[in-house]
Each structure stands twice: as structure tokens, then as C-alpha cells.
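Naming: A, B, ... by sequence-line order, numbering from 1 per chain. All values below come from the heavy atoms of this structure, side chains included, with hydrogens, waters and symmetry mates left out.
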There are 2 protein chains.
Amino acid sequence: MNRGTDGKRRSVTIHDVAREAGVSRGTVSRVLNGGHYVSPSAQAAVNAAIRRTGYVVNRHARSLITGKSDSVAFLLTEPQERFFEDPNFNVLLRACTQALAAQDIPLLLMIAGTEAERRRNLRYIRAGHVDGVLLVSSHSGDPVGSELDAAGVPVVACGKPLGQKAKVGYVAADDRDGARSMVRHLYESGRRRIATVTGPPDTPGGIDRLAGYRDVLAECGLPVDESLIVAGDYSRASGETAADLLLERAPDVDAVFVASDLMAHGVLNALTRAGRRVPDDVAVGGFDDSPAALSTRPALTTVRQPWERISSEMVRMLLGRIKGDDPAAVILPTELVRRESA
Amino acid sequence: MNRGTDGKRRSVTIHDVAREAGVSRGTVSRVLNGGHYVSPSAQAAVNAAIRRTGYVVNRHARSLITGKSDSVAFLLTEPQERFFEDPNFNVLLRACTQALAAQDIPLLLMIAGTEAERRRNLRYIRAGHVDGVLLVSSHSGDPVGSELDAAGVPVVACGKPLGQKAKVGYVAADDRDGARSMVRHLYESGRRRIATVTGPPDTPGGIDRLAGYRDVLAECGLPVDESLIVAGDYSRASGETAADLLLERAPDVDAVFVASDLMAHGVLNALTRAGRRVPDDVAVGGFDDSPAALSTRPALTTVRQPWERISSEMVRMLLGRIKGDDPAAVILPTELVRRESA
DNA sequence: TTCTCTACTGTGAACGCTCACAGATGCATG
DNA sequence: CATGCATCTGTGAGCGTTCACAGTAGAGAA
């Protein structure tokens with residue numbers, strides 16, 4: 001919908017380009033869509049005409065006939081408090097828009113904080129208004145993935161979907177291995193009373209990171225003291241209360257592996273409040289390498305999730321699924337980032 | 001694009017509904033678009049048919065003929081660090097999607113962190129792929145608003161656009177008055193050496209909040225000590241260095257009005273590090289009432305920006321502009337939120 | 001030469017919807 | 001009884017694209 005030179009709303013169509021270039025609509029269309037079976041001269045003429053006229057394709061007309069919208073939804077099913085608190089979502093969102101922009105595909109943001117919104121968004125997606133869905137929800141038992149999959153909508157989730165028989169593709173960091181590298185690091189710096197603050201047990205982060213913790217204890221011949229294991233919900237506040245509980249149960253704790261940076265932030269607060277020095281008295285290791293990890297004092301040693309790669313993989317996989325590929329699982333390696341807290 | 005009962009991709013069209021309801025396409029279309037000039041019986045028959053067939057309108061076909069996309073862009077022109085750090089964007093984003101969802105209008109998220117992205121997004125918007133733009137950028141000297149306006153795209157900005165002759169509508173909180181109420185509060189709790197950490201001087205938050213600060217000093221007969229005025233860039237880190245500078249320049253400072261919660265967070269950190277107790281030694285007041293304000297210790301006394309109302313006003317105004325309304329300016333009142341820091 | 005194959009091009013027919021218009025009906029008015 | 005008006009309904013056209021198909025030209029093979 002460009003303004004013509006006369007200021008009147010008048011869009012230049014493929015027809016105008018064809019006339020300008022002295023070819024037919026079909027040829028222009030072919031140039032637009034990859035340029036196969038088009039002579040170099042026609043190709044050039046069309047491109048020149050496009051540049052001269054300022055033509056841009058009418059996506060609606062195209063979508064009407066192709067039956068695809070050339071857009072994808074980013075569906076976030078999280079309570080809004082989490083969305084407000086956790087900058088990881090921002091990182092993910094940013095990287096996904098970037099990856100999609102490279103393909104000229106717009107991202108429709110859908111935030112399903114409530115049940116009503118969830119339904120509304122699902123209805124919209126099911127109606128076929130988007131080609132696929134990037135699904136983000138830490139609570140990955142959420143059946144929304146399977147539901148969409150059952151409706152024939154390509155879905156790629158961020159994080160391993162739990163207990164789903166449906167074949168939704170997903171991209172995730174290697175939680176278990178990441179946890180292992182962190183706990184191993186704590187052990188190697190001489191810590192022997194290593195506690196952990198886990199995520200909710202219905203999330204892969206809650207399960208696998210705890211498993212990694214147990215792996216290393218076993219590996220190093222350290223006894224597993226269940227009182228050193230406290231569950232949080234990924235929020236900063238829950239990290240704080242978890243640390244309080246930990247200090248009460250085991251005042252001799254000398255390291256804490258925390259399953260998220262946000263919770264680690266809370267743990268740091270609680271520790272400081274209790275007069276423990278970090279890392280001298282207690283070492284603290286986080287998980288995520290979210291932007292929040294840099295703002296703690298001391299700066300947080302953490303396990304880096306490769307958000308950019310996760311995002312670009314999600315996009316790549318989703319576009320593949322839209323083209324008919326089968327769902328897959330991609331597990332990306334993590335990296336230990338040593339800062340000051342451990 | 002629903003699957004038929006046979007599992008084959010086959011969408012039910014307005015034609016099918018018409019046949020099912022025993023009326024014509026035109027009548028179905030009229031029911032779909034408000035139901036004027038439709039008899040109650042036809043109305044009912046059509047609605048029943050729609051329900052039976054599970055019909056959903058094909059937005060592309062509609063858009064092709066109406067020339068509108070029934071979607072709007074949310075354009076964020078900020079360096080990504082700010083987007084990652086400041087939860088206010090999340091609040092705004094959330095509230096805007098919500099307000100738009102109520103009208104069944106999808107939100108296209110565009111993040112222009114770099115110049116290249118800015119260009120790409122502008123091109124997309126100019127191409128007419130969206131009906132309007134919700135513009136968010138703290139750096140409101142940004143000419144992107146005028147550029148879009150000049151291209152005939154309806155724009156509503158968040159925050160007062162600075163030094164723009166173009167007629168972009170905007171919604172903002174009453175920065176000056178909000179600052180006044182906070183500084184007045186500090187004065188009334190007995191503080192006499194009140195410093196301020198301002199935002200960048202090319203933002204309304206930087207200018208107007210400082211003006212409010214000056215207003216109250218004058219009003220109360222307090223001398224304006226320029227060494228008590230330090231500029232930040234809204235980031236937590238800048239708040240921290242600003243506070244360091246402040247303590248060095250004026251060790252007797254007993255209150256700080258900070259132009260954003262994020263910076264206030266930094267100020268709090270610096271103060272604590274310097275051994276000052278808050279609010280006993282130094283009172284700290286923020287601005288925004290962002291989610292971050294609750295996570296500080298002590299909890300931050302701040303000036304609440306009515307984000308939900310700002311968002312819904314922005315959406316309301318944008319939809320109006322799309323329908324042809326003239327741009328307007330809406331200034332919303334702020335509210336002092338007393339917590340622990342002042 | 002004649003036939004086939006490949007590379008390229010143009011054309012009509014959709015896609016599913018809205019819009020303008022023409023027609024029909026019922027009711028009050030002249 | 002004709003006229004006007006308001007309410008309601010159906011029909012054809014067309015939005016701007018892609019797609020399938022038919023067709024052309026030139027090169028090489030039989």
C-alpha cells in the first residue's frame with residue numbers, strides 16, 4: 001500500500017511491474033520466487049522495473065493463493081510475573097525475531113498469561129492464521145504443544161516437552177551435562193558440602209539439572225544429603241527462601257548449585273543477609289547465563305545456555321517443519337562461565 | 001485452514017456457510033461484519049451454520065480486498081541491552097498484546113536494535129504490511145516516528161516525542177508532576193540535601209523529571225546545588241556510578257530522587273556498598289514502578305507509571321488513527337507508591 | 001529434414017472474500 | 001393505486017497474486 005506520486009493511495013502491482021519491464025505477470029512472479037526458468041535479460045529487466053516502481057509484493061494476495069501466511073507465532077504460556085521477572089524471555093524473543101527477520105517472516109507475539117488468553121490464542125492459531133508456532137513455556141508439561149500438533153500446526157518448543165507422546169520438535173540445552181560441569185567445578189574448587197536449589201519437578205530444568213547434580217556427587221563419592229536439596233520455582237524470591245531454609249538445615253554448607261540465575265540472585269541476597277561471604281564462605285553457581293547474571297554482586301558464575309543458537313535452531317527447525325520435515329530434537333551444549341561467585 | 005473431517009486440508013469458506021445456512025455469500029459477509037441490514041432469522045441461521053461448520057474467516061482474502069491487514073506492529077527501537085535489562089518493556093508488551101487481543105488484532109513484534117534492523121523494519125512497515133505502529137523508544141528524539149508518519153502510516157508513540165514537527169500521537173505519564181510528588185515527599189520527610197539522578201537529556205524522562213525536581217526545590221526555597229544533579233542513562237550500572245559520584249561530591253546527601261527504578265536499583269547498591277543505610281541515612285525514590293522496584297532491598301518507593309492504561313490508551317488511539325482520527329496527546333497521571341526506601 | 005528435449009514465456013483460472021449495485025419486499029404516505 | 005422509503009437479499013466483479021498449462025524458440029539427435 002504505497003502512496004503514488006500523486007499522494008493517492010494506490011499500490012503498484014505485479015501488473016505494473018510487468019508492463020514496465022515488458023514481460024508478463026508470470027515472469028515477474030517467477031523472478032520474485034527464486035528466478036528459475038527466467039532468462040538473465042528478463043531477470044534484469046524485472047529487477048530494474050521493481051526498483052523503479054518501488055514495487056513490494058502484496059502478501060495477502062500471495063497468501064490467499066498459497067494458503068500460507070508466511071508468519072509464525074511466538075507463544076509464551078507463562079504467568080505474567082515470570083515474563084516480567086525473567087530476562088531470558090527477552091533474549092529468546094530478541095533472537096527469534098532476528099532469525100525470522102532474516103527470512104522476512106514476521107513474528108506474532110502471543111502471551112497467554114491466563115486460561116482465557118490461552119484459549120483465544122489457540123483458536124487464532126488453529127484457524128490457520130500462522131504457519132507455525134515457536135512455543136515457550138518453562139512448565140513444559142503444558143499440553144498446548146500436543147494440542148497444536150494434533151491440530152496439524154507445526155510446533156517447535158523451547159525445552160524438552162515432558163511426558164508428551166505428540167511429536168513436537170524441540171530445542172534445548174543439555175541441562176544434565178551443564179549441571180554436571182557446574183557441580184564438578186564446585187567440587188574441584190574444594191567444596192564438599194554442596195547444596196542445590198532445583199527448579200520445579202515438572203520441568204526439564206528441574207529434573208535434569210538435579211540429575212546432573214546427583215551424577216557428580218556419585219562420581220566423586222560424595223554422600224547425597226537430601227536436606228541439601230531444596231526446590232524453587234525459578235523466581236528470585238523462591239531462591240531467597242530456599243537459601244534461608246538451606247542455611248537453617250545445614251549451616252555448614254559451602255556451595256550451592258542453583259538451577260536458574262534468577263534464583264541464584266535470590267540465594268546471593270539471602271547469603272549476604274546472613275553474613276556469609278560469597279565465594280569465600282559459600283560458592284554459588286547459577287544456570288542460564290541470563291543478563292541478570294551480570295548484575296549480581298559478586299558477578300555470578302553460571303552455566304551458559306546458548307540462547308542465540310537455541311533461537312536460531314528453533315526457527316530453522318520450525319521452517320523445516322512447515323515445509324514438511326519431521327519433528328526432531330536438538331540438544332545444544334552448554335558452557336561454564338566463570339565469574340566471581342564460584 | 002482447517003482440516004476437514006477426512007483429515008484432508010480443506011478450508012470451509014464463506015460459500016459453504018452460505019449454502020449450509022440457505023442464504024447467499026453477501027448475507028454471510030454482512031453477518032460477519034456487524035450484521036447490519038440482516039434479518040434476525042438470517043442472522044441466526046448464519047451463526048448456526050458458522051458454528052456447525054467451524055468456519056473461520058480467511059483474513060488474507062479479506063485483507064486483499066479491504067486493503068488493511070488488521071494487524072499492528074510494536075516497534076521497539078532500543079539497544080538490546082536495554083531491552084534485556086528493563087522489565088518495563090515486558091509490561092508494556094504484555095499490556096499491548098492484551099489490549100489488541102480484545103479486538104482480535106495480532107501484534108507483530110519488531111525489535112530494531114541495530115541500524116540495519118531499523119531499516120528492515122521500516123521497509124516492512126512502509127510496504128503497508130501493517131495498519132499502524134505502536135512505537136516505543138526511550139530515546140524519543142528518534143526520527144522514526146516522523147518518518148513513518150510522513151509515509152502515511154498511523155503511529156502512536158509511548159512517551160512524548162521530542163522536537164518533532166510531525167504529528168505523531170503519543171501517550172505518556174505526567175513526568176514532571178510525578179517527579180514533583182516524589183521530591184515533595186522527600187522534602188516532607190525532612191530531607192534537605194536532595195540529589196537527583198536524571199535520565200539522558202534527550203529524553204522526556206530526562207528533561208521533565210528534572211524540571212519537576214527543580215520545581216519543588218524552588219517551591220520549598222531550597223537552593224539548587226548543581227553538584228547534586230547527575231545524569232544517568234536509565235541503566236542500573238549508570239545509577240551505581242552516579243551514586244558513587246554523588247557520594248564523593250556531596251557526602252552529606254540525605255535523599256536521592258532517581259529518574260528510573262533501574263537506576264534506583266543501582267543507587268541502592270552503591271549506597272549499601274558505601275555503608276549508608278536506606279532510608280535511615282539516605283532516602284531513595286525511583287520512577288516507573290517497574291517490576292524491578294519490588295525486588296530491591298529495601299523495597300523501592302517510587303512513582304508509578306500507569307503502564308496498563310498507557311498501553312490501552314496507545315492501542316485505542318492507534319485504532320482511532322487507523323480509522324482516520326487526528327493524532328492526539330494523552331498525559332496520564334502518576335501515583336506515588338510508598339514502600340521502604342523513602 | 002524431422003523429431004525431441006530443454007529453456008523460457010504468456011494466459012486464464014483460481015484463491016475467498018467484500019463491495020457496489022440491482023432487485024425484492026413490506027409499509028406508510030400521497 | 002401509485003410512490004417513496006427503509007429493510008433486506010442475491011449477484012457479479014474484482015482485489016493481486018500464484019499455478020498449471022499451453023505454447024514458442026533454439027539446439028541437438030535421428
(message) Considering every strand and a 4.0 Å limit on heavy-atom distances, what is the contact class for B:Arg25: base, sugar-phosphate, or nothing?
(response) base

(request) Specify the separation, in whole Å, of atom CZ of A:Arg19 and atom P of D:dG16. (result) 12 Å

(message) Using OP1 and OP2 only, check whether a side-chain N or O of A:Tyr37 sits under 4.0 Å from D:dA20.
(response) no

(message) Can you tell me if A:Ser24 touches the phosphate of C:dG10, counting only side-chain N or O atoms and a distance under 4.0 Å to OP1 or OP2?
(response) yes

(message) Do the side chains of A:Arg321 and A:Asp325 get close enough for a salt bridge, i.e. N-O under 4.0 angstrom?
(response) no

(request) Using a strict 4.0 Å threshold on nitrogen-to-oxygen distance, state whether A:Glu313 and A:Arg316 make a salt bridge. (result) yes

(request) Answer yes or no: does a side-chain N or O of A:Ser11 lie under 4.0 Å from OP1 or OP2 of D:dG16? (result) yes

(request) Take the protein atom NZ of A:Lys68 and the nucleotide atom C1' of D:dT17, then report the distance between them rounded to whole Å. (result) 16 Å

(request) Answer yes or no: side-chain N or O of A:Arg30 and base N or O of D:dT18 forming a donor-acceptor pair under 3.5 Å. (result) no

(request) Verify the contact: side-chain N or O of B:Thr27 to OP1 or OP2 of D:dG10, cut-off strictly under 4.0 Å; return yes or no. (result) yes

(request) Look at A:Arg51 together with A:Glu20 and state whether they make a salt bridge at an N to O cut-off of under 4.0 Å. (result) no

(message) Please report the distance, rounded to the nearest Å, between CG in B:Asp70 and C1' in C:dC17.
(response) 13 Å

(message) Rounding to an integer number of Å, can you tell me how far A:His15 NE2 sits from D:dT18 P?
(response) 14 Å

(request) Provide, to the nearest angstrom, the distance between the CG atom belonging to A:Leu64 and the C1' atom belonging to D:dT17. (result) 8 Å

(request) Could you check how far CD1 of A:Ile50 sits from P of D:dG16, rounded to whole Å? (result) 16 Å

(message) Return the CG to CG distance between A:Leu75 and A:Asn121, rounded to the nearest 0.5 Å.
(response) 6.0 Å

(message) It should be established whether A:Ser63 places a side-chain nitrogen or oxygen under 4.0 Å from OP1 or OP2 of nucleotide D:dT17.
(response) no

